[in-house]
Structures are given as structure tokens and as C-alpha cells.
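Both backbone and side-chain heavy atoms feed into the values below; hydrogens, waters and symmetry mates do not.
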Amino acid sequence: MSQTHTSAMSTPADDAPYRYTAEVAGQIEQRWQDRWEHEGTFNAPNPSGPLAEPGTDLPAKKFFVMDMFPYPSGKGLHVGHPLGYIATDVYGRYRRMQGDNVLHALAYDAFGLPAEQYAVQTGQHPRKTTEENIATMRRQLRRLGLAHDNRRTFATIDPGYVRWTQWIFLQIFESWYDEAADGGRGRARPIAELVAAFQSGERPVPGGRAWGDLDAVEQRRIVDEHRLAYVSESPVNWCPGLGTVLANEEVTADGRSERGNFPVFKRSLRQWMMRITAYADRLIDDLERIDWPDKVKTMQRNWIGRSTGANVRFATDAGDLEVFTTRPDTLFGATFMVVAPEHPLVDALTPSSWPSEAKPAWIGGHATPADAVAAYRAEASAKTEVERQTEGREKTGVFTGSFAVNPVNGARIPVFVADYVLMGYGTGAIMAVPGQDERDWEFATRFELPIIRTVQPPADFDGEAYTGEGPAVNSANDEISLDGLGVTEAKAAIIAWLESKGAGEGTITYRLRDWLFSRQRYWGEPFPVVYDENDQPFAIPDHLLPVDLPEVPDYSPRTYPPDAADTEPEPPLARVPEWVEVELDLGDGPKRYRRDTNTMPNWAGSCWYELRYLDPTNTERLVDPEVERYWMGPHGDGDAGGVDLYIGGVEHAVLHLLYARFWHKVLFDLGHVSSEEPFHKLFNQGYIQAYAYVDSRGQYVPADQVVEDGDGYTFEGEPVTREYGKMGKSLKNMVTPDDMYRDYGADTFRVYEMSMGPLDLSRPWETRAVVGSLRFLQRVWRNVVSEQTGEVVVGAAPADDETRRILHRTIDAVRTEMEAMRFNTAIARMIELNNHLTKLDTVPREAAEALVLMMAPVAPHVAEELWSRLGHPESLVREPFPVADPVYLVEETVTCVVQVAGKVRDRLEVPPSISEDDLRALALESEAVQRSLDGRPVRTVVVRAPKLVNVVPG
RNA sequence: GGCCCGGUAGGCAAAUUGGCAAAGCCGGCGCACUCAAAAUGCGUUGUUUGCGGGUUCGAGUCCCGCCCGGGCUACCA
């Protein structure tokens, strides 16, 4: 730990002037990086368009591999960041050696808060700092030797990119969701088709009047309500500390902003929304058509939160009160109802005086229902989400003074207001069935309400509410009896009965809400929209895209004290009246319009970037259809298409990956892409973590100067305690790729990161272990090139039989491991082969060349260098990956393990083709077996020829 | 509280999916090279898979219960 930069930096010893050292590695690496760049080695031809290579045939197969693109932070990279980039590079290079046309590039996600906040501090334009950060990052990543097609790189802030982000927004704005289309699955369609349907009368006009009788403003209002991107006055997450509103996905469970950890308040504001809820079913159902980790699929399913159940209407004096329930089978056990404090019917449900049945526990000591409800509502609204959490789960609530009638049995049941029912889910009202719901049980106990079991718990059940399977009980009226039915059958029966009575119907509810799409920030894409004098939004015509950000006097939105809930968002763009006010001719002659002063959220740019890699220079279309079909189109029935391999962290499981799927499906519906999903295979890489050390004052100390002694760790002689977690400047445990390039070279760094363990696991960084990978490369080098003379020392003579067997077994294993992205075990096999070659007097050329080719995906520079020294002038990146000759995979003899009672007692060398009977006989003859049987009789003999025999004594 | 991962030598990890436990790397130790060290090389060292039960001829692997670490989620009706 204490000698950071000394280990591998030594100059070559005099007796080994041509050793592969960090310095030599650096020279080789930079030379090959230059050559790759000049020759455009990694350019992937398109089937048509400017990136095509007319006259040359496209490879038979294609492979599109992608990383979750980076945000170019000013903080710089640490060794954990490139892990995924190396993995995609290794796999892409492997596929290229299999003959695939590999598309791999890296773009930058460059809008966003950190650049804006830095701009606010320094007064520099965020574009300037962002571009500087991108340049730094490009330099650091180039040094890794990634096989990217550099013609396809871009940043989300490029005007040529923003133009298409805005164009897609307008596509979404100019469409509606036809739920009846495609046999009820639904599909986005252009808004013009909706207008035509209203016009022709094919679709009834909301409000009942004829389309032609409505004026233009009224027509537009109706159309606007159907758009997939729409302006809505609705409760949103307002974050005064950030000065912006946030999407649900950006608010943590305890009601704070994911960025900055400021309190978030619900406020009704006029904002852009995306109708992602229209796609809820397809977003869930299509998860089965893609190859993603189950964990991520589960997270998306949970986030969308589809629940099937029924809506049921209970009669009250204030009209029908509709509830959503997933357990309509328990309707006979509903003994009270609860509405959310914000429920619109609360006032109407509050009579002027308490009814005689009201128990003291229900009324909280208040003189009238109005007093009680008002007090409770005030209390509930004053509570933040945090307070609700910290106050525990104690159920609170108050009786409204009204009763409702249970439609199945006519029972009069009291209606309560309580904040354990949320307005944002279902109908904001529930029927409470304490017998089968834990929350209702708790509330019932506290408020002295009756409890009726309608599902018979098992005999040994000693809990309170019973939520499991069981036969229905106490569930019959004059017309229907559920008694004896299981939960599923009972649900179906009662739903049919409710529907026949008009008292309810089966339905599906989602937790997913529409996506709040405006932010009151500067550093994002402006909305390509203007408003007229009626405040109705109009699309900016295509030829005026992109709408650029104006220069502003101050990049910051107005922010407030974090707790100032009653404040208004004030976006930076609103302070540029000469930009906001604009004269345009949108078809009615030149008129004054007002621009939208919000910007899009950071997610917009990452919602479609996979498509831009395909056709990065296109100014006429989003993406050429032929090009999209080639790289991302579906292959065969039921295939959803998409990127062949997408590697990134699991932290985007819901946000980015859900939004991107949504946009992609809209583009599919509108016919702009042939794939239904953006990412066919997703792989979550683990994280590289690091130890950090804290001294007695709680301060972090530089990790690279901490010494480990007998029973602890010390820094400058003082004991420190070890923590495990992220790597970063503030924890003083950061190791950068630049450190690695300098001390070991990029190839060693790549080998080390890939050999640390399986790619999907997180693991600790250990600088001192990196030397193992350098030693491996040094040994390979030494097997090919003399350290004394620099001359190639491989022999032309064919390999001996043993070497050949080891070689071909290694090739076979490495292929299997590479295919499955188990690079750690692939490297281990190559090390074994190399260790064998080291023992030979002369390394045979056939073995050396195969090894060099096999290691090329992981250590490409040193492989290229050795390949070229072995006499091949062409780069090896498209050289076929070695293929094992099956002749050398079959063994002449196999070691058969002979067990007695499962314990290994003997080993036999037998031919692989030996029969079961022969092997059984052979095993029973074994002296070792007879010895351990020690006269006991043999009960059975399990034979798994040719590898195993197990003798079972009686 | 619920769900999902993981627990194998001092550390990171393999184990063809129920069939020889520990491949490979780091570390430790010894030796060679060196005036000495570093670097490098050669050799060597590691023990029953977190705990308890079960299934099986046979369990790191499957089942049940528990312990520890990590992640996601959290009154969603």
C-alpha cells in the first residue's frame, strides 16, 4: 500500500533490456492507438448512406454493443468507471474476430445539473465546461485502447442531436394513443387521424356536440387532451431547494430529491406530461420478450405496479363512492370505508352533526363532523412524507359522519378519512376488510370496528388479518354465495355478480403515473413549442429546429430555502423576454407567440441515443430505415429487436430504461423504427469499490499511505479504521486510470479489471494485485521475444503432443468462457497455457500465435505488437479467433474416480469408451476398494462411465 | 416488514450445474540473480465450502430453519 508508484516503474534491468515494462507497454499502446485511428480500424460499415462502404460486402452477421453513456463530470475518472467500457470492448473485439460487423461507439450525456451548478458558481457557460470535460474524458478513454468507431461519437448537447430530440418530442406531441388499435393492445397514431375521426363522426366528440359546431379553440382543447405529450395542471413534485419540479422517479421514498436531497412538496402546477401510462401494459408484457436480468425486470414490473381487481360502488348520501380493490372476493367482510384526506367527496360526506351511532373513538372529541374532518385534514397536509415515516405506522383517522351501503348485503358501514389511504392510487378510497387486510385490521382494532372473516384461515393460524388462500365463508346473500370457493373463483364470481347489478366491474389499476417532463432549469433541451393568446401549445415547424438555448444573464433558476413550500418556480429562460416573445407564421399569418421557458429533463437525451449511433450524420431523417433494420431490427417471429448487448449499472433499472423503452415504442408505433424494444440484452456490471480509512477525529486519510500491521491499520503511526465503499476524492481513496497507464500500461489495467472476478459482481480494488497481470503479459512477451536481444524466439518446429493437447483444450475453454462473458476464467486458462509454454525449451510458433490471438480482445496492444513481430503486417483485429481441433480434445485415457460410500478411494486410468460393465468390474477389483470395503457386502454400484464409480456397501 | 443477490485458504476468486473441492491472481515463506535492494525467475505454503437439519449411492451445488454482508422496496387497497 505504501509504495504506490514504485512497483512496476523500474527501468529494465541491464540483463533484460527488451523486457515488457510499463514504459515499453506505454510506447506500444500509443503507437497502436495512433495506427488504429489513422486506418479507421474499427469503422463499422452501414448497409447504406454515408457510412456505407460501397463495393465491399457486409459481413454476414452484425453485432451492436453499447455502454450506458457517461455524464462528463468534472471530477475525473477513477478505475471503477472504465470497467463496463473494457468489458464491452473485450466482447466486441471477440465478436469481430468471429467475423461479425461490430458497431461500438461512445457518446456523451452532456446536459444536466452538475454542469449547470458549476456554471452558476463560476459564471462560465455550461457548454464550455461540459466540452472541456468531454475532451478530458476522451483523452483518458482513448488511452484504454477501446475499439470504437469514432465517426459515430456525439454529445447530447450537439445542435444536430438536439434537433432530433426536439423532433421526437414533437412526434409524441403530435400523436395520441388509440387504445382500440391492434386488437386492443393499443398504438400511438398521428393526431391528424384523431381529428379526422372526430370530423367523420367515427369517434364521438367528448361533450356530445358535433365537431363542426366547435370553434377552433374548443377543437384544439379536445385534441390537446389526447396528446401523448400534454400540458396539464396537476399536483407535481416541487423542490424549492433546487428551484425545479421533479418526476416521481426522481423523488426518494422519504420525499426528498434524489439529487441534492432537498425536501419535495406536492403542488399543483402547469407542466408538460408524457402519457407513459398508455404504454403500461406493453411495458410490462414486453419484458418477456427481452433478455434482461430478472432483477431489473422485477423492478420495472413493481414500478409499473399492475394490479387486477374490481371497482365497486357503495351508495352514500353524497352519491356513489367508488373504491378499487384487489380482493373483491372479500366484499362481504367490508365493515367500514376509508377515503383519502384529499378525496373530492370528503366535504359532501361530512354532515352537520354526528349521527347517533358515532362512537367516541371515532370523533376525536370534536363537536361536529366538519370540525373533526377539517382538523384531520389540516394535520395530514402539514405532515411531510418524512414525518409520516418517522412517526411510525400508527393508524390515524376520523369518522366523516356518513355511512355507505355495502352493495352485496345492504350493510350500513361508516366512512372514515385516514391518511393511510392515498389519493394517488386507485380511486383514493377503499373498502376496509379487516379480516383479510393487515392495515384495515389495525385500523379496526383502534377504532372499535367489527371484524368479519370471509376467508377461512387454516386451523393452526394464530395471526390477525389472514391474507392467504382459503375457502370463502360468511359470504352469501339471497342471490349469490361464495362460500366454499377459493380466492380466484370467488373473485370471478363476485365480479360477474357486481357487473350484472351495475355495482362494479373488474378492472386493472397501475401504480405508474404519467411522466412529468418539464424542468425549470437552463442546461437542457428547450421545448420546441410556442403558445398563442389562448395559452394553447403549437409545434415549432420542422425547419426551425433545433430551438437553441438563448444566452441568459444567470444560469440558475430561482431557488428558495428548502422548506419554502409555497413558492413558485422561476426558470432562467423566463428572464430573457426578447427570446420568449417571438413572431412566427404558423399558417395563420405572422403572429406573436410566447415560447415555453422550461427545459426537458436530463433523461430526454438518453431516451433515443442508441438510434443516433446507427446514423450519426443524418440531417434528413431520425435514422435511415434500412440502417435501423440492419442493426436493430427483429430477427424472426416474436423478436422485439434492439441493441444486441447493453452494459451498464443497475442504478438505471427504472428511470432511464423505462423512459427509453417508452420513447422507442412510440417511435415504433409511428413507423420510424422496426424494433419494438431499444435494448435486447441487458447486462448489469458490478462496481469496483475501495477501502477508505478514517482517523480518530473522523477525518479521511489518504488510503495509499495507510500501512497494514499485525492487527490493524495505521496512518503516520496513528491507528485508523477501515471502511468499505465508493471510490472518490472526498474519501481520499481514488485511483485513476492515468495512474494505471503510467505504472502498468493500459493492457495490464485491462487484464486486471477483467480478471478480478465475474463482471456482474462488485469487488474491492487492490492496486498491489495489479502486478500479477503485468507479470502475465511479461511472461507471454518473454515466450515470444528475447529479453536480451529483442529477437523473436519462437520455434518453427511443430508442438509436441502434450503441448498441442493443452493448446486446443485451452482454445476450446477460452471460447466457451468468452462467449459467456466470463473473462476472468478465460484469462485464467490463458495463464495456464502460458505457464506451460514457459517450461518448454522453445515455444512453438503455432502455440504462440494462437495465444496471441486469444489474448487480443483483452490485451489488444501487446497482442498486435507480438502479432506483427511474428511476421504479420496486418492488424489482427479481424483475424479469426482460434478454433480448437476436436482431435486434440478427446483424451486417450480418462482418470476414473472410484468412491466407496461417496469417499474417493482409488483412481483408474481407463479408455474413454469403456463400458459400464467393464468399469464396474475394474473398480470392484481395485485393491483400495477391497481394503475400504473391509469385507462388507456391496449393496449397489453406481457407474457413470467413464469418469466415476461409487461402490455402496450394504 | 417484504422481495432479490452473496457468504469457498490471509485477500480476490474457479468448480463442466448433483460426481476428484480449491484452477488462476495477490499475499506469506524459501531459494536464485545483486555489493545490497527493487524488479524478475524458480520453488513452496495453504483445507473441508457462514451455522444447524434434511433429500441422495454421492451436496459448495437441491430443500427447510437460522446468522452475517449488500441491493431494491416500503401503508399501492
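- For B/U40, the OP1/OP2 oxygens have no side-chain nitrogen or oxygen of A/Arg782 closer than 4.0 Å.
- Using a 4.5 Å heavy-atom cutoff, the side chains of A/Val421 and A/Val339 are not in contact.
- Between B/C20, B/C12, B/C25, one nucleotide has an atom nearer to the side chain of A/Arg763 than all others, and that is B/C12.
- If you check every strand for non-hydrogen atoms under 4.0 Å, A/Asn824 touches sugar and phosphate atoms only.
- A/Arg829 comes within 4.0 angstrom of no nucleic acid atom, judged by non-hydrogen atoms across all strands.
- Listed for the A/Ser926 side chain is no donor-acceptor partner under 3.5 Å among the backbone atoms of A/Leu922.
- Distances from the side chain of A/Pro758 to the nucleotides B/A14, B/C76, B/G24 place B/A14 closest.
- Phosphate proximity of B/G24 to A/Ser755: absent, as no side-chain N or O sits under 4.0 Å from OP1 or OP2.
- Using a 4.0 Å heavy-atom distance criterion, A/Glu438 is classed as making no nucleic acid contact.
- When distances run from any side-chain atom of A/Met299 to the nucleotides B/G19, B/C72, B/A21, the shortest one goes to B/C72.
- The phosphate of B/A14 has neither OP1 nor OP2 within less than 4.0 Å of any side-chain N or O from A/Arg822.
- Summarising the geometry, the separation between CG on A/Asn311 and C1' on B/A77 is reported as 11 Å, rounded to the nearest angstrom.
- Side chains of A/Asp440 and A/Tyr420: a donor-acceptor N/O pair is present below 3.5 angstrom, by distance only.
- When rounded to the nearest whole Å, the span between NE2 of A/His652 and P of B/C72 equals 13 Å.
- Among the protein residues, A/Asn302 comes within range of no part of the nucleic acid, since none of its heavy atoms lies under 4.0 Å from any strand.
- Residue contacts for A/Leu948: at a heavy-atom cut-off of 4.0 Å it reaches a base atom on one of the strands shown.
- Closest to the side chain of A/Arg779, from the set B/C42, B/C76, B/C57, is B/C42.
- Of the candidates B/C57, B/G27, B/C75, the closest approach to any side-chain atom of A/Val942 belongs to B/C57.
- A distance of about 14 Å separates the P atoms of B/G58 and B/G19, rounded to the whole Å.
- Counting non-hydrogen atoms under 4.0 angstrom, A/Asn835 reaches the backbone sugars and phosphates but no base.
- Between A/Tyr752 and the options A/Tyr744, A/Phe823, A/Trp765, a ring pair (Phe, Tyr, Trp, His ring centres under 6.0 Å) holds for only A/Trp765.
- Residue-level contact check: A/Arg939 touches neither bases nor backbone, having no heavy atom under 4.0 Å from any strand.
- Between the side chains of A/Asp437 and A/Thr467, no donor-acceptor pair is found at a separation under 3.5 Å.
- Here the side chain of A/Glu766 is nearest to one of B/G41, B/C26, B/C76, namely B/C26.
- For A/Ala828, counting side-chain heavy atoms from C-beta on, the closest listed nucleotide (B/A77, B/G24, B/C57) is B/G24.
- For the residue pair A/Ser307/A/Tyr425, the side-chain donor-acceptor check at 3.5 Å is satisfied.
- The nearest whole Å value for the distance from the CG atom in A/Asp743 to the C1' atom in B/A39 is 14 Å.
- Of the side-chain N and O atoms in A/Arg301, none sit less than 4.0 angstrom from OP1 or OP2 of B/C72.
- Here B/C57 is the nucleotide among B/C76, B/C42, B/C57 with the atom lying nearest to any side-chain atom of A/Arg944.
- Separating the NZ atom of A/Lys295 from the P atom of B/C3 is a distance of 16 Å, rounded to the nearest angstrom.
- Side-chain proximity of A/Thr825 to B/G19, B/C20, B/A23: nearest is B/A23.
- Within 4.0 Å of A/Arg511, counting heavy atoms only, lies at least one base atom of the nucleic acid.
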